[in-house]
J.: 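Once you've had a glance at the structure underneath, I'll fire off some questions.
Residue numbers start from 1 in every chain, and the chains themselves are labelled A, B, ... in the order their sequence lines are given, proteins ahead of strands.
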There are 4 protein chains.
Amino acid sequence: MIAKTTFNRLPEEKKERIMQAALMEFAEKGYRAASINCMVEKAGIAKGSVFQYFGDKEGLFAAVFAHSLEKVKEELRKVRDNPARTDIFTRLAQIMHTGLAFTRTYPLIYRLYTQLLSTPDIPCRDFLLTRIRDEGKVFLKELLEKAAARGEIRDSLPIQEALFLLEALLDRFLLASVLPYLGNGFFDGQNLESSIPHFIDILEKGMGSSR
Amino acid sequence: MIAKTTFNRLPEEKKERIMQAALMEFAEKGYRAASINCMVEKAGIAKGSVFQYFGDKEGLFAAVFAHSLEKVKEELRKVRDNPARTDIFTRLAQIMHTGLAFTRTYPLIYRLYTQLLSTPDIPCRDFLLTRIRDEGKVFLKELLEKAAARGEIRDSLPIQEALFLLEALLDRFLLASVLPYLGNGFFDGQNLESSIPHFIDILEKGMGSSR
Amino acid sequence: MIAKTTFNRLPEEKKERIMQAALMEFAEKGYRAASINCMVEKAGIAKGSVFQYFGDKEGLFAAVFAHSLEKVKEELRKVRDNPARTDIFTRLAQIMHTGLAFTRTYPLIYRLYTQLLSTPDIPCRDFLLTRIRDEGKVFLKELLEKAAARGEIRDSLPIQEALFLLEALLDRFLLASVLPYLGNGFFDGQNLESSIPHFIDILEKGMGSSR
Amino acid sequence: MIAKTTFNRLPEEKKERIMQAALMEFAEKGYRAASINCMVEKAGIAKGSVFQYFGDKEGLFAAVFAHSLEKVKEELRKVRDNPARTDIFTRLAQIMHTGLAFTRTYPLIYRLYTQLLSTPDIPCRDFLLTRIRDEGKVFLKELLEKAAARGEIRDSLPIQEALFLLEALLDRFLLASVLPYLGNGFFDGQNLESSIPHFIDILEKGMGSSR
DNA sequence: AATGAATGAGGATTCATTCAT
DNA sequence: AATGAATGAATCCTCATTCAT
């Protein structure tokens, strides 16, 4: 955290190269197994530089995480600032499309997130997960509440569980785009997009107001 | 994989002790970070024995995985062999309850599974994940197909997507019981059970046949 | 401290070789500058073994220290169990001779002690120094007290300061045998022995009972 | 040693700041463990500057040492230029008081000296120690010789050994003011001053001319 | 003259694995 | 079959030193 300035003063190209190499390491191998040796080789920099820039491995991870979160935020903003005059189910479809585009563009970032979820010994994990949640999940909640206010969802809908289900579906949907195992062999790559309307169909019947 | 026999000839108590210690290591620290040093200390056996029994770390992991999968299968059998004369939604509720009981009883096994999901450099990951899928997911599919045959679900339901959604929900539901972060603060420990009917409510409306 | 057994089970010759190599490193370079790399090369063992035996560098240091202290204790016992029926000044001369013989035999042990004295960041320094003091200095105190009881020293002698002076002289005397700088160029190696009676002369006049 | 001029042209305040920071590092951690990184941070200068000023770590140490020696010399001069018309034992008491005041004012300088004494791998150690000796010890010798000429000390006194004893006592006395361990628990901080007369008492009886 | 980014050798330490007993 | 001592590669990290700006 101290010498963060050193890194920030670097030319943009080099910064990106380093972030990319580090992201690859962490996303592919997980925090512990990620090797700074491999990382610096990929990035083409000296090993010592990493520690000058980020202090230690933990600092590097935090930087990579922050860098990735920034990308996520940009993406979220796109969805949020969309021509919002549509009903919630149309928006959910939009979100799924946008999310899919995101994981296709930045598959490693999504992998980093799943690493974080399942690896208990990552430093600051609690803090980092909290930041993600604050960033991403509040959004869905607002979406649901506004839809409720507009009468787009049925009165009897249990909000918390609906929220949980939406998150689960979205998360798994994105995960499937990164890890083909989860698609059950049914969803192979390109087909994920075409399944979106079907998901929306189920959600609409399950959550929408009748009529 | 080589001298598996040697391990199998061990007294049951010792086998269980070793498996338990190894499961703890792998589930808590992940594959790479797991230390055979720590493991043998917990198990109270000689380090050399591990390599005599399982060949190498990878073999040990495979054995732990197989051992855990066996427990999962037992559990699945319980659900499958249940008094099956109920509709699919009642059964889904049963499954959620049973799953929750399972992760409460064997939280480490579920963690092992999530580790496997998110850590790409575990050897044989593909093979192991395939085995899980074959074990667990075929079951849900059959459930859906039978329900369709009985007319419990609407004709227009897109089966693949419904299956995917069910898996996503179940998985996330169990994960939340192990990792409190995912509950969004809404679900705190005991509350997970009470939310099951609400999930079923959504699913029934989304997937069930009208009337 | 844990795997101390491993080291103790080693053949005596190997144990001694390792202790000697470690003592050389620590005594010559100080705790921080001592390199385990150099040490294992001198001892002809694998680097990993050091950590198996002693846990970490600190544990190694503690072991070397304990080993050395054992040698010191043996030496002290020799002096203590001497034909004790002589006056204190004769005994002081004996002690100086014995001490000199000790530093000549184990110069590194004495250097280790001085390293400990002057290096503030050695782990457990307080504890180790206390152990030395308990071992060595109580002895001088008893000597003085018995001499007082026998009337060998004057009533007006300030005991604490006399003790301090004796320690200072003994310590410096031994130090000079190890570090020639302190001898002021006057005492070159062999001459230290011949100066003992002269020191005793001063001490006797300063501390002895008149006549 | 190369561009010493560059450093000397610096504003006095900056020079002092740098010397102080370096002295702290060396005195507290010893030569090897002292980190130029820490040092420059404390001093608030660029790391490169150290090497521009002093060539390398060794040169920096030599400069710090010289700077400290200068302070010692000033102090010595005070004692030397004292109203000298007193006998040697009064002067020794003065010296002890002055020395104590010095180590209280500049404890780091004394620590630097003890580091130098006990750490054999400091470069130029021989040279530096010789300079100290030349500075400090000649003085005591003169004192003794003049006292002998004035008949303040007995004819039979072995001069070299007396000198050695005085040095040992003074050194240990000062050391005890910096490292409390050596006081044996008897001398706690403030008490050192009050013990001076008692030391002088012993010395006078041991070395003074009878009557 | 001053800066501070870059470097890589070397530090302690951990660990899976081998093998003689 | 079981042990646990031995090994050395790989880990993160620190540091003095260099050099372009």
Side-chain angles (χ1 to χ4, degrees), chain A residues 3 5-11 14 31-40 44-60, chain B residues 3 5-7 9-10 14 32-41 44-60, chain C residues 3 5-11 14 32-40 44-60, chain D residues 3 5-7 9-10 14 31-41 44-60:
Chain A
T5 47
T6 301
F7 180 69
N8 282 333
R9 276 197 280 264
L10 255 38
K14 189 172 186 178
Y31 180 74
R32 284 285 295 262
S35 158
I36 291 183
N37 275 5
C38 296
M39 202 276 276
V40 295
I45 60 171
K47 201 190 322 194
S49 297
V50 171
F51 297 91
Q52 196 139 56
Y53 299 153
F54 308 105
D56 56 11
K57 194 182 187 179
E58 187 174 329
L60 172 60
Chain B
T5 46
T6 304
F7 178 70
R9 282 201 213 99
L10 254 39
K14 189 171 183 179
R32 284 287 292 262
S35 157
I36 291 184
N37 272 8
C38 297
M39 202 275 277
V40 295
E41 198 165 352
I45 60 169
K47 189 155 34 157
S49 298
V50 172
F51 294 88
Q52 203 134 44
Y53 300 153
F54 309 105
D56 56 11
K57 195 181 188 180
E58 186 176 329
L60 172 61
Chain C
T5 45
T6 302
F7 180 69
N8 282 332
R9 276 197 279 264
L10 255 38
K14 189 171 186 179
R32 286 285 295 262
S35 158
I36 290 183
N37 274 7
C38 296
M39 203 277 275
V40 296
I45 60 171
K47 203 186 328 189
S49 297
V50 171
F51 295 90
Q52 196 140 55
Y53 300 154
F54 308 105
D56 56 11
K57 194 182 188 179
E58 188 174 328
L60 172 61
Chain D
T5 44
T6 304
F7 178 69
R9 281 201 212 99
L10 254 38
K14 187 171 184 178
Y31 179 74
R32 285 287 292 263
S35 156
I36 292 185
N37 272 8
C38 296
M39 203 275 278
V40 295
E41 197 165 352
I45 60 170
K47 189 156 33 159
S49 298
V50 171
F51 294 87
Q52 203 133 45
Y53 299 154
F54 308 106
D56 56 11
K57 195 181 188 181
E58 186 176 328
L60 172 61

J.: Can you see which heavy atom on Ile36(A) is nearest to which on Lys47(A), and at what distance?
T.: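 For Ile36(A) and Lys47(A), the tightest heavy-atom pair comes out as CG2-CG, 4.2 Å.
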J.: State, to 0.1 Å, how close Thr6(A) and Leu10(A) come at their nearest heavy-atom pair, and which atoms those are.
T.: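 Here Thr6(A) and Leu10(A) meet closest at O-CD1, 3.5 Å.
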J.: I want to confirm an ordering. Mapping Ile45(B) and Ala46(C) to their closest nucleotides on DNA chain F, which one lands closer to the 5' end?
T.: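 Result of the comparison: Ile45(B).
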J.: Mind calculating the distance between CG (Leu60(A)) and P (dC12(F)) to the nearest angstrom?
T.: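 To the nearest whole Å, that distance equals 10 Å.
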J.: Please report the distance, rounded to the nearest Å, between CZ in Phe7(C) and C1' in dA5(F).
T.: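 Atom-to-atom, Phe7(C) to dA5(F), this comes out as 13 Å.
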J.: Heavy atoms from C-beta onward define the side chain here; which of dA5(E), dA5(F), dT3(E) lies closest to that of Thr6(A)?
T.: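 Closest nucleotide among those given: dA5(E).
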J.: Quick one: stems for DNA chain E, with Watson-Crick or G-U pairs under 3.5 Å, at least three in a row?
T.: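 Paired runs of 3+ in DNA chain E: E:2-21 with F:2-21.
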J.: Rounded to the Å, how far apart are Met39(B) CE and dT14(E) P?
T.: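 One finds 19 Å between P of dT14(E) and CE of Met39(B), rounded.
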J.: To the nearest angstrom, how far is Leu10(C) atom CG from dA5(F) atom C1'?
T.: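 That distance rounds to 8 Å.
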J.: Using modelled atom types only, decide if a donor and an acceptor are shared between the side chain of Tyr31(A) and the backbone of Glu58(A) within a distance under 3.5 Å.
T.: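 Checked: pair present.
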J.: Does Arg9(A) have a side-chain nitrogen or oxygen under 4.0 Å from the phosphate oxygens OP1 or OP2 of dA5(E)?
T.: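 Checking Arg9(A) against dA5(E): at least one side-chain N or O falls below 4.0 Å of OP1 or OP2.
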J.: At under 4.0 Å between heavy atoms, how does the protein contact nucleotides 15-21 of chain F? Give one character per nucleotide, 5' to 3', with B, S or -.
T.: SBBB---
J.: Show the nearest heavy-atom pair for residues Val40(B) and Asn37(B), with the distance to one decimal.
T.: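 Between these two residues, the closest heavy atoms are CG2-O, 3.1 Å.
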J.: For Phe54(C) and dT13(E), what is the distance between atoms CZ and C1' respectively, to the nearest whole Å?
T.: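 Spelled out: CZ on Phe54(C) to C1' on dT13(E) is 15 Å.
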J.: Output the rounded distance in Å from OH (Tyr53(B)) to P (dA1(F)).
T.: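 Nearest whole value for this atom pair: 9 Å.
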J.: Which residue, Ser49(C) or Ser49(B), contacts DNA chain F at a nucleotide closer to its 5' end, judged by nearest heavy atom?
T.: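 Here Ser49(B) is the residue nearer the 5' end.
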J.: Heavy atoms only: give me the nearest Phe51(A)-Asp56(A) pair and the separation to one decimal.
T.: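 Looks like CD2-CA, 3.9 Å.
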J.: At their closest point, which heavy atom of Arg32(B) faces which heavy atom of Lys57(B), and how far apart are they?
T.: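 The answer is O-NZ, 3.1 Å.
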J.: Do side-chain atoms of Lys14(B) reach the backbone of Ile45(B) as a donor and acceptor pair under 3.5 angstrom?
T.: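 Answer holds: no.
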